[in-house]
Amino acid sequence: MIKSQPLTFPKNFVWGFAAAAPQIEGAAFLDGKGESVWDRFARRPGAVHNNDNLDVACEHYTRFDEDFRLMRSLGAKNYRLSLAWPRIYPDGDGALNQKGLDFYHRLFDSMEKHGLTPWVTMFHWDLPQSLETRFGGWRDRRTADAFAVYADTIVKAFGSRVKNWITLNEILCFTKLGYGVGRKAPGLQLADQVVNQTYHTALLCHGHGVRAVREHGGKGARVGLTDNATVTVPFSETPDDIAAARAQFIHENARVLDPIYTGGYGPAYRKAVGKHAAKFEKKDFDLISLPTDFLGLNIYTGEFVRAGKSGKPEKLPFPASYPTADAAWLKHVPQSLYWGPRHCAEIYGASSIYITENGAGYNDVPPAKGESNDLHRLNLVRSYLCELRRGIQDGVPVKGYFLWSFMDNYEWEDGYDRRFGVVYCDFKTQKRTPKFSARWFTKVMAENRIV
Ligand code: PNW
């Protein structure tokens, strides 16, 4: 007799959806919201697929109550969202926009009504344009001073109702990709030293976020960073390849994780950047390395690494036919959800890890009759969850998983065609229609196991 063993998760495992303000809210210039660097970047011809902008997005700004009703009906109890800095401080610093705070109070009221626990990201890429114009944005410490005030303000305002705080989302994406590669806002291609400086400013902001939560968060408040560490997967799970993957992980991720977990830039990183290093003050690291309560990881993909002939880590190129989502960077590497958290636990001693994003981006076609059949998305997520569960069984301390994303939304430079939602969003009518994957994920959450 063959009997299947349920692929269960630990009791109290946190399941939820993730999204971010600029990608769903719309109302980009309503009720006193200031311009963000993305509002500006999206207007640069050719910067974004179809020249799509964030002005309307999913109209979540006015539709949040029905969105939360749907989210709850799909069985979610946790929702990771972000607050729009330029809604609260239109210029980044200076005058506070009370209407921005009022909006988020209404939003949290609605979440409470629908039984959704908020996990709030302080910053998810929508830097107030004014800080970019006046100070050079992430290039300058005055942006960290402004962030400190913003963090204090939101933690004071919402600390009684928000207990889970995430300081910044994916430092790499708004620093290197924004100021070095130029693919994301503000779309600049500057020298290495400048890019390293943007990282350092971001780390300072992370520190201020932690400090603000400790000072004003109240009882039970918890805080951590969400990092998109590059995940290195050993080609074979042999001691040599594992050691190579681990060495490569440190090489690729030390610039963010070393300062936070060890209180400084490590010797290998310092050697690698040499004269292009960021300028910093020694005391910066007291702030940056304030202890956190958890580490958030956004993991979508990974790279395969093996021990080369000399024992040195060797990256394996992806063959042309390697399975990939419509997002070209999203190679199907389910093992990344095993190795990412494991490296962080083993190298940095991270003892409480949340997968704050994982999901699949495809150019889904509109649903034919009611529901779109997105077995491609379901299968990708399911295969990743199997690897996550393997890690948990091995003792990797992962405490929760947030699926990116609840509904299709503004996928940054890829615009509105690239869909990550388990709910289909018709951007013309704003009609939401759960996809096949939504009903599947509902079951996963309800039964706390992979179905
Ligand atoms: C994340 N890459 O971005 C962001 O946090 C979300 O806002 C975004 O919508 C989601 O993942 C899907 O893309 C990433 O090139 C963007 O490796 C690009 C990469 C990784 C994450």
Side-chain angles (χ1 to χ4, degrees), residues 16-25 36-38 41-42 47-49 52 54 57-58 60 79-85 119-127 166-178 180-185 187 202 206 224-233 252-253 256 295-304 315 318 322 324-333 336-337 340 354-364 377 380-381 384 401-423 425 437:
F17 291 114
Q23 295 176 270
I24 59 171
E25 283 180 2
S36 78
V37 291
W38 270 94
F41 182 64
V48 173
H49 177 69
D52 287 343
L54 310 81
C58 307
H60 183 67
Y79 172 49
R80 173 178 175 237
L81 67 151
S82 80
L83 306 186
W85 183 354
W119 293 66
V120 173
T121 310
M122 296 176 176
F123 178 75
H124 199 124
W125 305 0
D126 45 354
L127 185 77
I166 294 161
T167 55
L168 308 173
N169 180 71
E170 298 194 353
I171 291 179
L172 169 109
C173 282
F174 64 85
T175 55
K176 188 174 177 184
L177 299 186
V181 178
R183 204 171 84 206
K184 294 194 187 288
H206 161 75
L225 171 81
T226 275
D227 188 30
N228 57 327
T230 300
V231 177
T232 55
V233 173
E252 300 210 23
N253 300 299
V256 169
L295 175 67
L297 291 174
N298 290 354
I299 298 179
Y300 291 89
T301 189
E303 51 189 39
F304 288 95
K315 280 203 243 181
F318 284 104
Y322 192 89
T324 307
D326 288 335
W329 53 268
L330 211 165
K331 306 284 179 208
H332 191 143
V333 186
S336 58
L337 224 43
Y354 291 85
I355 304 303
T356 39
E357 285 180 31
N358 169 245
Y362 288 98
N363 300 358
D364 295 336
R377 176 171 294 100
L380 186 149
V381 172
Y384 279 63
Y401 174 95
F402 293 82
L403 181 69
W404 185 275
S405 186
F406 172 60
M407 60 184 156
D408 299 330
N409 57 53
Y410 184 74
E411 180 49 20
W412 308 112
E413 69 273 23
D414 292 332
Y416 290 105
D417 287 349
R418 181 67 36 73
R419 294 166 180 271
F420 275 82
V422 292
V423 170
C425 183
S437 59

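Positions are given from 1, in the same order as the sequence printed here. As the structure lists them, so they are numbered: ligands from 1, and atoms in each ligand from 1.
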Novice: N298 heavy atoms, cut-off 4.0 Å: which ligand 1 atoms fall inside?
Specialist: 5 (O)

Novice: Decide if the gap between the ring center of Y300 and the ring center of W329 is smaller than 6.0 angstrom.
Specialist: yes

Novice: Which atoms of ligand 1 have any heavy atom of H124 under 4.0 Å away?
Specialist: 4 (C), 5 (O), 6 (C), 7 (O)

Novice: Using a 3.5 Å cut-off on N or O atoms only, is K184 in polar contact with ligand 1?
Specialist: no

Novice: Identify, for atom 17 (O) of ligand 1, the protein heavy atom at the shortest distance, and state residue, atom and that distance.
Specialist: W329 CE3, 3.3 Å

Novice: Does some non-hydrogen atom of R418 fall short of 4.0 Å from ligand 1?
Specialist: no

Novice: Please determine whether salt bridge (charged side-chain N to carboxylate O under 4.0 Å, His left out) holds for the pair K315 and E252, giving the CA-CA distance in whole Å, both sets of side-chain angles, and the decisive distance to 0.1 Å.
Specialist: CA-CA 12 Å; K315 280 203 243 181; E252 300 210 23; 3.4 Å; yes

Novice: Hey, could you give me the OH/CD1 distance between Y384 and I355, rounded to the nearest 0.5 Å?
Specialist: 11.5 Å

Novice: Hey, could you give me the CD1/CG distance between I24 and D408, rounded to the nearest 0.5 Å?
Specialist: 12.0 Å

Novice: Tell me which one of F174, W412, W85 satisfies ring-ring contact (aromatic ring centres under 6.0 Å, His included) with W38.
Specialist: W412

Novice: Does ligand 1 have any atom that is closer than 4.0 Å to a heavy atom of R183?
Specialist: yes

Novice: If you draw the axis of the six-membered ring of F318, does the NZ or CZ of K331 fall within 45° of it and under 6.0 Å from the ring centre?
Specialist: yes

Novice: Could you go through the side chain to side chain donor-acceptor pair (under 3.5 Å) check for T167 and H206 one step at a time?
Specialist: CA-CA 5 Å; T167 55; H206 161 75; 2.8 Å; yes

Novice: Please report which non-hydrogen protein atom sits nearest to atom 10 (C) of ligand 1, along with the residue it belongs to and the distance in Å to one decimal place.
Specialist: Y300 OH, 3.3 Å

Novice: How does T301 reach ligand 1, if at all, at less than 4.0 Å between non-hydrogen atoms: by side chain, backbone, both, or neither?
Specialist: neither

Novice: Report, in ascending order of atom number, the atoms of ligand 1 lying under 4.0 Å from any heavy atom of F420.
Specialist: 12 (C), 13 (O)

Novice: Taking atom OH of Y362 and atom CZ of R377, what is their separation to the nearest 0.5 Å?
Specialist: 8.0 Å

Novice: If you have a sec, work out which protein heavy atom is nearest atom 9 (O) of ligand 1 and how many Å separate them, to one decimal?
Specialist: E411 OE1, 2.6 Å

Novice: Geometry only, no angles: is N169 polar-contacting ligand 1 at N/O separations under 3.5 Å?
Specialist: yes

Novice: I need the contact type for N409 against ligand 1. Using non-hydrogen atoms and a strict under-4.0 Å cut-off, is it side chain, backbone, both or neither?
Specialist: neither

Novice: Is the distance between the ring centroids of F17 and F402 under 6.0 Å?
Specialist: no

Novice: Check this for me - ligand 1, E170, N or O atoms closer than 3.5 angstrom, yes or no?
Specialist: yes

Novice: For atom 4 (C) of ligand 1, grab the closest protein heavy atom and report residue, atom and distance to one decimal in Å.
Specialist: E357 OE1, 3.3 Å

